[in-house]
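All residue numbers in this chain count up from 1 along the given sequence. Counting starts at 1 for both ligands and their atoms, following the listed order. Note: hydrogens, waters and symmetry copies are ignored here, and every other heavy atom, side chains too, is used. No experiment lies behind these values; they were computed from the predicted model shown.
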Amino acid sequence: MKDDNLPAGDKEPPSGHRLQLLKEFHSAGRGFWRDVSDADWNDWRWQLKNRITTPEQLRRLMPTLTPEEFAGAKLANTKLALAITPYFFNLIDPADENCPIRRQVIPRIEETRAAPWQMSDPCGEDSHSPVPGLVHRYPDRVLFLVTDRCAAYCRYCTRSRLVSNASGYDFHPEFDRQIDYIAQHPEIRDVLLSGGDPLLLSDDRLENLLGRLRAIPHVEFLRIGSRIPTFLPQRITPELCAMLKQFHPLFMSIHSNHPRELTTEVRDAVGRLADAGIPLGNQSVLLRHVNDDVTVMRALVQKLLMCRVKPYYLYQCDLISGSAHLRASVSKGLEIMEQLRGHTTGYAVPQYVIDAPGGGGKVPINPEYVLCRNAGRVLIRNYEGKIFEYPEAPDGTPTGTPPKEIVEPQLV
Ligand code: SF4
């Protein structure tokens, strides 16, 4: 993959150098909006009002738009709307057709091609929805969909059937019914607000919703899933953080896929959330020509830690309709995980998961470290490929044999 921070035409640097370049923090800058006042640029409502939403706007701002992208943008409003905040648009490299930021938010005509194995609801959420806007798939927790709108739209979105309402899903969450359902189910101890993006709600509406959920005695834990810290860091105002900190324990999962998304603006925004005592995790989706590269992924996870965010999940891309061009293979995901575990800080290593198609939930996918397990021992492999024996009796107590490293010929 081309280096992502080098000027076009520069030679690929050695991987250590490339890693360092990817880990540098830069501002997104002002780009085409250099004449806009600071007050407007830093106002999240101005950013939303001035999003790029039409193919014509996109082509005017980016004359290098390819025919595939222009055709994709023209059809986007029949599937998943086109919207990009000016802030995030500035991260796109217009000279690079395979720019990892561009691939995430600019539609392509390939999105209209659906393979037979692709689905509109790959995680089976609709079939686990007892009331509109609530998904109760796991025993002790629920997904509470707050809105169908986002600050910008990810072209691989698992919920593209409903977000942006481009395909006529007609999503209508009913907060009263959602909250009543939770109140009537004492087994629900964890509520995840998602959507669409919950941080698009005004502070007052969000405060009201969080307050009603917090008032339910058996709800121990609240979570917010949001892409806004990376699409629209201006939204993370001191007022928002002061409001959120009333509802602890409150965690937040942010969403970033490439180290270039972690700008100085994002670092400051998530720093404000961390200062408000909100534990932060990051969810990434493994995407072809975006982050299916060990150096890119290593830079992303290390940079996240520098932002005080724990890499939480790396998702295998769901089998969403029209996403084949963005899908990387499971073997590529395993190869990347193999190069993270042991090779970098344990806190930096996310859990790679496949959301089992059809509603089976998240299944952890790991490289094989347990080579064999029998009545007397467990054979394990470390990150360097060295093999060790952990002696263990059938009842789980260690045997008298001292643990040892095994050289490969003995295994034959
Ligand atoms: S922000 Fe989340 S919900 Fe919105 S389009 Fe992206 S992945 Fe989908």
Side-chain angles (χ1 to χ4, degrees), residues 44 47-48 51-53 72-73 76-85 87-89 91-92 100-108 111 118-123 125-126 129 133-135 143-167 169 171 173 192-201 206 223-236 252-258 261-262 266 269-270 280-288 290-291 309 312-323 326-327 350 353 355 362:
W44 64 280
Q47 289 280 339
L48 286 177
R51 288 182 300 176
I52 297 128
T53 55
N77 287 331
T78 61
K79 184 178 176 286
L80 173 66
L82 159 68
I84 310 170
T85 55
Y87 159 83
F88 200 74
F89 181 84
L91 298 180
I92 293 174
I101 307 296
R102 179 173 180 161
R103 285 179 67 81
Q104 293 183 60
V105 289
I106 294 191
R108 294 183 62 90
E111 288 179 23
Q118 294 181 337
M119 303 174 232
S120 64
D121 180 16
C123 300
E125 291 180 340
D126 289 346
S129 183
L134 201 75
V135 180
L143 174 64
F144 190 121
L145 301 179
V146 170
T147 171
D148 61 357
R149 300 304 147 106
C150 302
Y153 293 108
C154 313
R155 306 321 303 174
Y156 49 85
C157 177
T158 294
R159 277 184 213 120
S160 55
R161 71 187 185 286
L162 70 89
V163 298
S164 85
N165 200 29
S167 56
Y169 184 95
F171 175 73
L192 167 59
L193 300 186
S194 184
D197 205 311
L199 295 187
L200 280 186
L201 263 55
L206 199 51
R223 287 187 279 167
I224 295 176
S226 176
R227 180 84 149 117
I228 275 193
T230 45
F231 277 157
L232 185 62
Q234 296 80 359
R235 171 69 183 105
I236 312 300
M252 190 177 293
S253 293
I254 70 163
H255 176 170
S256 65
N257 296 317
H258 190 279
E261 291 169 52
L262 302 178
V266 170
V270 294
L280 297 163
N282 180 69
Q283 314 198 77
S284 295
V285 181
L286 181 67
L287 296 169
R288 193 160 156 229
V290 173
N291 56 16
V309 180
Y312 178 37
Y313 281 132
L314 170 63
Y315 287 94
Q316 177 64 19
C317 188
D318 290 326
L319 300 174
I320 189 76
S321 287
S323 62
L326 286 169
R327 192 180 319 284
V353 290
D355 224 319
K362 293 180 193 67

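Considering all non-hydrogen atoms of both residues, Gly196 and Val163 come closest at N-CG1, 3.3 Å. Across all non-hydrogen atoms, the minimal contact from Asn257 to Gln283 is OD1-O, 4.4 Å.
For Asp148, the salt bridge (Lys or Arg N to Asp or Glu O under 4.0 Å) test picks out no residue, with sequence neighbours left out. Here Arg51 pairs with nothing under the side chain to side chain donor-acceptor pair (under 3.5 Å) rule; sequence neighbours left out. Residues satisfying the ring pair (Phe, Tyr, Trp, His ring centres under 6.0 Å) criterion with Phe88, sequence neighbours excluded, are Phe231.
With a cut-off of 2.8 Å, the protein N/O/S atoms near atom 6 (Fe) of ligand 1 add up to 1.
Less than 4.0 angstrom separates atom 1 (S) of ligand 1 from at least one non-hydrogen atom of the protein.
Residues Asp197 and Arg227 are not paired through a salt bridge, judged by the lack of any N-O separation under 4.0 Å between the basic side chain and the carboxylate.
Inter-residue side-chain proximity for Cys154 and Gln104 is flagged as unmet; no heavy-atom pair is nearer than 4.5 Å.
Counting atoms of ligand 1 from 1 in the listed order, those under 4.0 Å from a heavy atom of Gly196 are 3 (S).
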